[in-house]
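Each remark here refers to the structure printed beneath this line.
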Amino acid sequence: MIADRVAAVRERISRAAVRAARRPEEVTLVAVSKTFPAEAVQEAFTAGLRHFGENKVQEGEAKALALKALRTQGLAWHLVGHLQANKAKKAVAAFDVIHSIDGPELAIRLDRLAGEAGRTLQGLVQVDLAGEVTKHGLESSRLMRSLEQMRGLSALRIVGLMVLPPFELDLEAVRPFFRRLRELRDQAVAGGLLSGSQLSMGMSHDFEVAIEEGATLVRVGTALFGERQRAA
Ligand SMILES: *Cc1c(COP(=O)(O)O)cnc(C)c1O
């Protein structure tokens, strides 16, 4: 039952928040439904979840279409995976929050397309803190300058930062990545470079550590929907 899993994850979120002297309401649970059918999203929505994440534009688009009615009842779609420029137009229609903005070029394109579509979107800049060639995101050395270039956007509001750290079995090994993202967020907020203070960090195995380090959006798949049958 998804409802039981939702309750269990919420309980873990609450405990982690309390440990960090934070309020559980500061943490938004984004249910990453990639590879799972629209029915699973419907069930999770019924169990009270409102934020859903997908990592592929096409899959998200199909589910958004199948569940169109839920979107008018408060369901928000988050794109958490890499976004190619040629899919930006589709992404603008299918998603409400884009976590994977990797630079001013993509941000400016999304802003223009959202403006043309009469939509407003929230965006987070994905920061590559691991320096891994396989990971997407913006190098932290370019972050502040890039945020400055995104400052004038109107249809796309840049509300925070996102990180996808390397997978570590030892949870303490990921903590420095979360802490570093929070420091960068604080620096950007202090410089007036962000229209929000969101931190998208933490997945099924490490979201508690992320919450201790300040996460406001946790992206949880497996702990809610179970193991994925195919690679995502
Ligand atoms: C799949 C995915 C998640 C969720 O991962 P789980 O380990 O299943 O919780 C979170 N963030 C991104 C970017 C993902 O692609």
Side-chain angles (χ1 to χ4, degrees), residues 2 4-13 16 27-38 40-41 43-44 47 49-64 76-84 87 91 94-103 106 122-138 159-171 173-175 177-178 180-182 198-232:
I2 288 178
D4 296 330
R5 288 187 170 144
V6 170
V9 169
R10 285 213 188 283
E11 177 62 28
R12 286 171 60 191
I13 289 173
V27 183
T28 297
L29 173 56
V30 180
V32 180
S33 48
K34 65 188 183 196
T35 79
F36 290 95
V41 174
E43 195 181 339
L49 296 188
R50 291 296 176 268
H51 295 267
F52 292 88
E54 290 287 335
N55 71 333
K56 294 198 173 91
V57 172
Q58 223 151 343
E59 187 179 345
E61 195 180 28
K63 280 177 218 177
W77 287 106
H78 296 240
L79 179 64
V80 300
H82 179 59
L83 174 57
Q84 286 170 281
K87 297 200 176 133
F95 293 92
D96 305 288
V97 188
I98 296 183
H99 292 232
S100 51
I101 292 169
D102 61 3
L106 181 59
Q122 296 192 349
L124 295 106
V125 174
Q126 181 174 355
V127 186
D128 175 17
L129 293 177
E132 293 178 15
V133 276
T134 51
K135 290 258 159 68
H136 299 288
L138 185 67
V159 296
L161 306 179
M162 181 271 221
V163 72
L164 186 58
F167 183 86
E168 297 280 357
L169 284 176
D170 172 13
L171 292 182
V174 293
R175 190 183 294 276
F177 291 96
F178 297 148
R180 181 74 187 123
L181 195 73
R182 184 187 63 203
Q198 302 282 345
L199 280 176
S200 168
M201 54 191 200
M203 304 167 45
S204 288
H205 72 292
D206 59 10
F207 71 79
E208 283 137 314
V209 178
I211 290 169
E212 287 169 16
E213 295 301 330
T216 64
L217 293 158
V218 290
R219 311 178 308 264
V220 179
T222 312
L224 291 167
F225 297 107
E227 294 292 336
R228 287 179 285 276
Q229 294 301 306
R230 59 175 169 85

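Heavy atoms only: backbone and side chains are in, while hydrogens, waters and symmetry mates are out. For the single chain, residues carry numbers from 1 onward in sequence order. Order of listing sets the numbers, starting from 1, for every ligand and every atom in it.
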Review point. Polar-atom distance check: R228 versus ligand 1, any N or O pair below 3.5 Å?
Key: yes

Practice item. For ligand 1, indicate whether the residue H99 contacts it via side chain, backbone, both or neither (heavy-atom separation under 4.0 Å). Key: neither

Check your understanding: Looking at ligand 1, does any of its N/O atoms fall within less than 3.5 Å of an N/O of G221?
Key -> yes

Review point. Relative to each other, are the rings of H78 and H51 parallel, tilted or perpendicular (30° and 60° limits)?
Key: perpendicular

Check your understanding: Between S33 (side chain) and F52 (backbone), is there a donor-acceptor pair under 3.5 Å?
Key -> no

Study note, to complete from the structure: Quick note on ligand 1: atoms under 4.0 Å from a heavy atom of V80 include exactly 12 (C), 13 (C)

Check your understanding: Hey, which atoms in ligand 1 end up nearer than 4.0 Å to a heavy atom of T222?
Key -> 6 (P), 7 (O), 8 (O), 9 (O)

**Study point:** Full working for salt bridge (charged side-chain N to carboxylate O under 4.0 Å, His left out) between R175 and E212
**Key:** CA-CA 9 Å; R175 190 183 294 276; E212 287 169 16; 2.9 Å; yes

Point to revise | Ion pair K34/E59, N-O distance below 4.0 Å | key: no

Practice item. Pull out every atom of ligand 1 sitting under 4.0 Å from any heavy atom of R219, numbered as shown with elements. Key: 4 (C), 9 (O), 10 (C), 11 (N), 12 (C), 13 (C)

Exercise for review: Report the part of H205 (side chain from C-beta onward, or backbone N, CA, C, O) that has a heavy atom under 4.0 Å from ligand 1; answer both or neither where that applies.
Suggested key: neither

Check your understanding: Among R219, R50, R10, which residue meets the side chain to side chain contact (heavy atoms under 4.5 Å, CB included) test with L29?
Key -> R10

Point to revise | Where ligand 1 meets V220 - atom numbers and elements under 4.0 angstrom, heavy-atom basis | key: 9 (O)

Check your understanding: Does V32 offer a backbone N or O that forms a donor-acceptor pair with the side chain of E54 under 3.5 Å?
Key -> no

